[in-house]
A.B. asks: 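Before we start, here is the structure in question, set down as structure tokens.
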Amino acid sequence: MELNQEALSIIETLESAGFEAYAVGGCVRDSLLGLVPKDIDITTSARPEQVKALFPRTFDTGIEHGTVTVLMRNGGYEVTTFRTDGKYTDHRRPDHVEYALSLEDDLSRRDFTINAMAYHPEKGIIDLFGGREDLRRGVIRCVGRAEERFTEDALRMLRAIRFSARLGFVIDEEASQAISHLAPTLTYVSRERVWEELKKTLISPHPDYLERMIGLGLGPYVDPAFAKTELLELKGLPELAEDLNVRTALMLYRFGEAEAGRILRRLKTDNETRHQVCLLIAHIQEKPASSGKEARQLMRQVGREEARRLGDLQYGAHLITKEEYTLQSEFLCSEMSAPVTLKELAVTGRDLIEAGGEQGPSLGVHLSWLLDQVIDDPAKNNRETLIALFRQHWYNCNDSLAKAALEDNQ
Ligand code: ATP
Ligand code: MG
């Protein structure tokens with residue numbers, strides 16, 4: 001395993017000051033798998049104040065958990081003091097965190113064997129629980145007794161699903177049984193954290209492993225809707241691009257837009273995600289675009305990116321054929337730079353006023369009408385043509401006041 005220069009230099013600085021320091025957790029796991037680690041976490045015997053004294057640029061990330069972020073040129077590194085977790089009484093968080101004296105104590109509080117390895121540039125990999133072997137076998141196994149570890153922190157049950165889906169691993173028998181038994185304790189976990197895990201599982205290479213989550217009985221405790229397995233679409237998920245909104249929409253579309261919105265609200269997703277997923281579901285029955293004009297109409301209706309996502313969703317849900325999907329994608333692609341929003345019109349409201357239009361709600365109606373013309377024929381999107389069209393349209397509008405105004409103006 002190799003660490004980048006910055007991580008090495010953090011470890012070196014801590015060690016020169018007489019402390020122990022190791023890279024730990026996800027970065028060791030990912031490096032052993034030949035993947036590029038997202039970030040490098042460091043565990044150390046130094047206390048947070050001592051870490052802060054050694055580096056010029058730091059900020060407190062989770063000081064109550066002993067974590068300080070050390071800022072280096074290319075990014076931040078979380079440096080956490082060796083710790084053990086105190087007693088857990090709420091199935092989620094330790095009542096208090098205690099600093100530990102040894103790396104071993106720190107590794108044994110971690111959730112799975114594959115996440116409980118450390119690396120030191122001279123000592124190499126420290127693997128006290130058979131993490132490497134589990135990586136080789138493709139198994140998610142708890143550090144210690146599964147029943148105990150899931151009882152301490154119920155979120156770990158969803159983390160087991162998430163890591164199995166990310167890596168294509170199985171969850172070992174002991175952990176599976178413990179999950180089946182303890183599934184109801186997931187209600188102690190905040191919905192934000194539940195969604196966070198669900199989200200990571202959805203955009204993993206094996207989103208269909210959510211079926212394991214259901215199979216192990218976690219579904220109803222993720223959300224009551226997940227008990228209605230006949231409405232959940234999970235099998236088609238891996239065929240979709242790794243796009244959270246499309247995958248979420250596919251998973252929930254059979255519930256319909258309104259119910260899907262309620263489910264996502266209960267899961268406390270951000271509003272943006274909820275709106276986009278609901279928009280996709282609302283338009284799922286839309287006829288696929290089979291001409292440039294229809295592609296522009298669709299983009300106007302739902303937005304450029306969403307039109308592409310909608311196609312993915314419809315195809316994933318087997319509502320359109322491969323041919324329809326391909327044709328629509330081609331038209332969306334060739335029309336990508338066509339004007340499809342009011343902002344992209346070659347005229348603004350101000351231009352229309354200058355051309356004799358009146359301030360007020362009718363201005364918006366005119367602009368929208370002009371956009372209709374441009375959707376029909378993008379070549380019309382130039383100032384001169386649009387102003388001429390506007391004058392004519394306004395004149396034709398059965399509005400004598402408007403006519404008078406226009407005549408005055410000319
Ligand atoms: P990712 O690449 O998704 O960030 P990760 O392994 O870094 O994967 P994190 O959630 O960032 O996962 O956690 C970092 C490390 O902290 C884990 O590898 C694990 O050792 C430990 N850890 C995190 N959450 C828990 C938990 N709920 N219970 C026990 N250990 C945990
Ligand atoms: Mg991480």
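Whatever order the structure lists ligands and atoms in, that order sets their numbers, starting from 1. Predicted, not measured: the structure shown is a model, and the values here were computed from it.
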A.B. asks: Is it the case that ligand 1 has an N or O less than 3.5 angstrom from some N or O of R29?
C.D. replies: yes

A.B. asks: Fit a plane to each ring of F112 and F163, take the angle between them on a 0 to 90° scale, and name the class: parallel (under 30°), tilted (30 to 60°) or perpendicular (over 60°).
C.D. replies: perpendicular

A.B. asks: Among L158, V194, L186, V189, find the one that has a side chain to side chain contact (heavy atoms under 4.5 Å, CB included) with Y221.
C.D. replies: L186

A.B. asks: Please write down residue, atom name and distance for the protein heavy atom closest to atom 7 (O) of ligand 1.
C.D. replies: G26 CA, 3.8 Å

A.B. asks: Select one of side chain, backbone, both or neither to describe which atoms of D111 lie under 4.0 Å from any atom of ligand 1, heavy atoms only.
C.D. replies: both

A.B. asks: What atoms in ligand 1 come closer than 4.0 Å to a heavy atom of K38?
C.D. replies: 1 (P), 2 (O), 3 (O), 4 (O)

A.B. asks: Any nitrogen or oxygen of D30, side chain or backbone, less than 3.5 Å from one on ligand 1?
C.D. replies: no

A.B. asks: Run the numbers for me: atoms of ligand 1, each under 4.0 Å from some heavy atom of R166, listed by number.
C.D. replies: 1 (P), 2 (O), 3 (O), 8 (O)

A.B. asks: Is the shortest distance from a heavy atom of L155 to ligand 1 less than 4.0 Å?
C.D. replies: no

A.B. asks: Looking only at distances, can you tell me whether any N or O atom of N115, backbone or side chain, sits closer than 3.5 Å to an N or O atom of ligand 1?
C.D. replies: yes

A.B. asks: Is there side-chain contact between Q328 and E294, with at least one heavy-atom pair below 4.5 Å?
C.D. replies: no

A.B. asks: How far is atom 12 (O) of ligand 1 from its nearest protein heavy atom, and which residue and atom is that?
C.D. replies: R159 NH2, 3.8 Å

A.B. asks: If you count the atoms of ligand 1 from 1 in the order shown, which ones are under 4.0 Å from a heavy atom of G25?
C.D. replies: 18 (O)

A.B. asks: Pick out which of L250, T248, I320 makes a side chain to side chain contact (heavy atoms under 4.5 Å, CB included) with L313.
C.D. replies: L250

A.B. asks: What part of R162, side chain, backbone, both or neither, has a heavy atom within less than 4.0 angstrom of ligand 1?
C.D. replies: side chain

